[in-house]
Amino acid sequence: MIVVTTNEIPGRSIREVVGVVRGNAVRGAHLGRDVSAFFKNLVGGEIEEYTKLLAESREQSLDRMVAEAQARGADAVVNVRFATSQIAAGAAEFLAYGTAVKLA
Amino acid sequence: MNREPTKEQLAAMAYADGELDDAARAEFEQLMATRPDLAREVAQLQRLELLSRQVAGPEPKDTEWERLSHDHVQRAGGNVGLGLLALGSLGLIVWCVLATLAGGLSPLGKASLLGLLAGSLLLLFSAVRARLRTRPFDPYTEVKR
């Protein structure tokens with residue numbers, strides 16, 4: 001499955017647009033991580049607990065988007081975008097969406 | 001020693017890579033529901049795929065994070081600190097509940113407080129139980145950044 005942020009795929013032509021596909025994930029850090037992150041926030045620098053949390057949500061939402069594209073028989077997803085929002089403190093929501101297409 | 005993958009392992013690889021058609025995928029998911037070992041194998045393959053997607057040159061600070069994670073003082077500070085914090089919080093909750101129950105609270109107030117406490121503990125138990133069940137099949141716990 002080709003996943004790109006561009007509207008087109010160089011060297012390939014789009015035969016059919018399947019439609020919008022998306023995947024979202026909301027993940028939380030456990031209490032221990034939140035406590036560690038709180039203290040790291042006091043002194044500055046990277047809070048790797050939250051870096052990891054966001055990365056987990058990003059990968060999961062991306063996989064869910066690809067799974068939907070595969071289920072709908074697409075060959076690629078173009079114009080992929082990510083969006084985030086805050087559902088609750090200490091939780092990370094990621095939404096990945098794009099246009100599923102069939103290639104010639 | 002035969003190192004050739006079995007038919008089920010090949011199916012697990014195809015499933016993890018999203019190469020199965022709808023019918024084959026549904027059939028494999030049915031099989032996986034009755035075979036936790038197969039589900040674990042799929043989760044492992046998905047972790048590998050995730051890690052390979054994240055392959056990038058290490059940042060200079062990665063070695064420092066690694067060194068810190070093995071540092072005894074750092075580890076002891078974190079573990080003992082978290083342990084004391086958890087014990088202190090638990091003790092404070094128990095003390096508050098006991099003090100409230102011993103005070104002049106009406107029977108309805110006491111029953112409400114106990115209900116609140118019991119409900120919270122049950123919800124916590126359910127959440128922990130669900131997490132322990134699903135964690136082995138959650139490949140995203142391996143994601144670094």
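Per chain, numbering begins at 1; letters A, B, ... match sequence-line order.
Hydrophobic clustering (ILVMFWY, side-chain heavy atoms < 4.5 Å, transitive): A:V17 and A:V4 are in one cluster. No continuous path of ILVMFWY side-chain contacts below 4.5 Å connects A:I9 to A:M1, so the two sit in separate hydrophobic clusters. A:L95 and A:V26 fall into different hydrophobic clusters, where Ile, Leu, Val, Met, Phe, Trp and Tyr side chains are chained together by heavy-atom contacts under 4.5 Å.
Annotation for B:E27: atom CD does not count as buried by contact number, only 12 or fewer foreign heavy atoms lying within 6.0 Å. Environment of CZ in A:R22: sparse, with no more than 12 heavy atoms of neighbouring residues, nucleotides or ligands closer than 6.0 Å. At most 12 non-hydrogen atoms from other residues, nucleotides or ligands lie less than 6.0 angstrom from CZ of B:R75. Atom CZ of A:R15 sits in a crowded spot, with more than 12 heavy atoms from other residues, nucleotides or ligands closer than 6.0 Å. Atom CD of A:E8 is surrounded by 12 or fewer heavy atoms from other residues, nucleotides or ligands within 6.0 Å.
Between B:Q46 atom CD and A:E59 atom CD the span is 12.5 Å, to the nearest 0.5 Å.
A pairwise comparison of heavy atoms in A:K52 and B:Y140 identifies NZ-O, 4.4 Å as the closest pair.
At least one side-chain heavy atom of A:R27 sits under 4.5 Å from a side-chain heavy atom of B:T141.
Contact residues of residues 29-45 of chain A toward chain B are A:G32, A:V35, A:S36 (heavy-atom distance under 4.5 Å).
Only the side chain of A:L62 comes within contact range of chain B, with at least one heavy atom under 4.5 Å from a heavy atom of that chain. Using a 4.5 Å cut-off between heavy atoms, A:A71 touches chain B through backbone and side chain atoms alike.
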